[in-house]
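Treat the numbers as computed from the prediction; the structure is a model and nothing was measured.
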Amino acid sequence: MKTIKTDVLIIGAGLTGLTLAYYLKNSNLSVTIVEARTILGGRIKTQYNTNQAPIELGATWLIDQQVSALSLLKALDVPVFEQQYGTTAIYHPTASQAPQLVQLPLNNSVSYRVKGGTYAIIGALAERLSENTVQYNQNIQTIKLVADGLEASTTNAKYHCNHVVSTIPPLLFSKRIRTVPALPNDIQELLLNTHTWMHDAIRIGFTYKTAFWQTKDSSSTIYSNVGPINEFYDHSNADGNLQALSGFMNASFFKHTKAERKAIAIKQLQGYYGDIALDFECYEECVWKAEKYTTIESDKTLMPQTNNGHPLYQKTQLNNRLFIAGAETCSVFPGKMEGAITSAGRVYEQLKALYKL
């Protein structure tokens, strides 16, 4: 078993973990990120296909109020562009009623998407980190308090470090990582009872050669109480030359196969747009409930955002050596990209104070 020494060990190479490593890159601290997967990104997941619009299957939208995220993107030179919702939407209220074209209310708030796909943020962060900062296929199982710091162990490695920052969802931490000594009862209960953003979401998307929905009698925006698609939006690229529709499928369809989900989704679109909807280039999906390094079943039903941003997450554990970070731990836009980035900033400030950087 190999032994690795590092000042700061970050668990998870998603947006929080990579952002924190980026903030620390000019410090004198050695930083290592351990990632259980073979890829970066966490809940940022963009599917790229040649000569087709990128399809977002995870984190997607930003708004002007999310200042930390927009500031980071500006520093990384990652541009955004405005999401096009149009002035109307296809609304399907009940199975007994026909879908109808309704006027969308005037909304002065602008939503943005990332030019080139949200994964461009991950790529830009990774480019700015030192080589070998991220260790892949490393699933932390135990964090032990030792005389000179912490020892975090996987099946094939031990990491000796001064501080550990967990950026994985709190519920996943509580179920998958054992601490020695055990964490206090209040934080254990909090971890177990914190809702995981996207835990049961099903994201799907179709790419097309033409934007056939851009007519006065149609819309790319779909709201359906009937399903299987609940929400759908224009997902064409920033230049408008690659076309797509993308959104959310009802979570109850997670037990279906990919082929079954594709078939029922395209049938719904056919009902709204006609046979032209059948002429798609590709279908992409992500069933987040199946992502074992993101989600895990709770012992009870947790309502969305339960305990997200709880004050206890701002406190350190294991003699001020363990930080619990990530999108769910932030009181500002919890579960969103803004929350993930703000969480990284919070831990960065705490580490600066501890190390007198």
Distance-only polar pair, side chains of Gln138 and Tyr159, donor-acceptor under 3.5 Å: yes
Polar side chain donor-acceptor pair, His163 to Tyr355, under 3.5 angstrom: yes
Test item: side-chain donor near acceptor, Asn156 and Lys2, under 3.5 Å: no
From NE2 (His310) to CG (Leu190), nearest 0.5 Å: 5.0 Å
Modelled atom types, side-chain donor and acceptor of Gln47 and Asn49, under 3.5 Å: yes
Distance-only donor-acceptor check, side chains Gln243 and Asn237, under 3.5 Å: no
Ring geometry between Trp213 and Tyr208 (parallel below 30°, tilted from 30 to 60°, perpendicular above 60°): perpendicular
Any side-chain donor near an acceptor of the partner, Tyr313 and Thr194, under 3.5 Å: yes
Between Ser224 and Asn230, a side-chain donor and acceptor under 3.5 Å: no
Geometric cation-pi criterion, Arg203 with Phe248: 6.0 Å, 45°: yes
Residue pair Thr88 / Gln103, side-chain donor-acceptor N/O under 3.5 Å: no
Donor-acceptor pair between Glu328 and Trp197 side chains, under 3.5 angstrom: no
Electrostatic pair Arg37-Glu291, nearest N-O below 4.0 angstrom: yes
Derivation of the ring pair (Phe, Tyr, Trp, His ring centres under 6.0 Å) call for Tyr272 and His92: CA-CA 9 Å; Tyr272 298 155; His92 199 173; 5.8 Å; yes
Met1 atom CE, neighbour heavy-atom count above 12 within 6.0 Å: yes
Ser111-Gln83 side chain donor-acceptor pair, cut-off 3.5 Å: no
More than 12 heavy atoms of other groups within 6.0 Å of Asp239 CG: yes
Side-chain donor-acceptor pair present, Gln141, Arg178, cut-off under 3.5 Å: no
Pair Asn307-Asn193, side-chain donor/acceptor within less than 3.5 Å: no
Proximity of Tyr233 and Tyr85 rings by center, below 6.0 Å: yes
cation_pi(Lys289, Phe254) dist<6.0 Å, angle<=45: yes
Lys/Arg-Asp/Glu bridge criterion (N-O < 4.0 Å) met for Lys175, Asp299: yes
Nearest-0.5 Å distance that lies between atom OG1 in Thr154 and atom CG in Asn137: 10.0 Å
Side chains of Ser252 and Asn250, donor plus acceptor under 3.5 Å: yes
Pair Glu285-Tyr283, side-chain donor/acceptor within less than 3.5 Å: yes
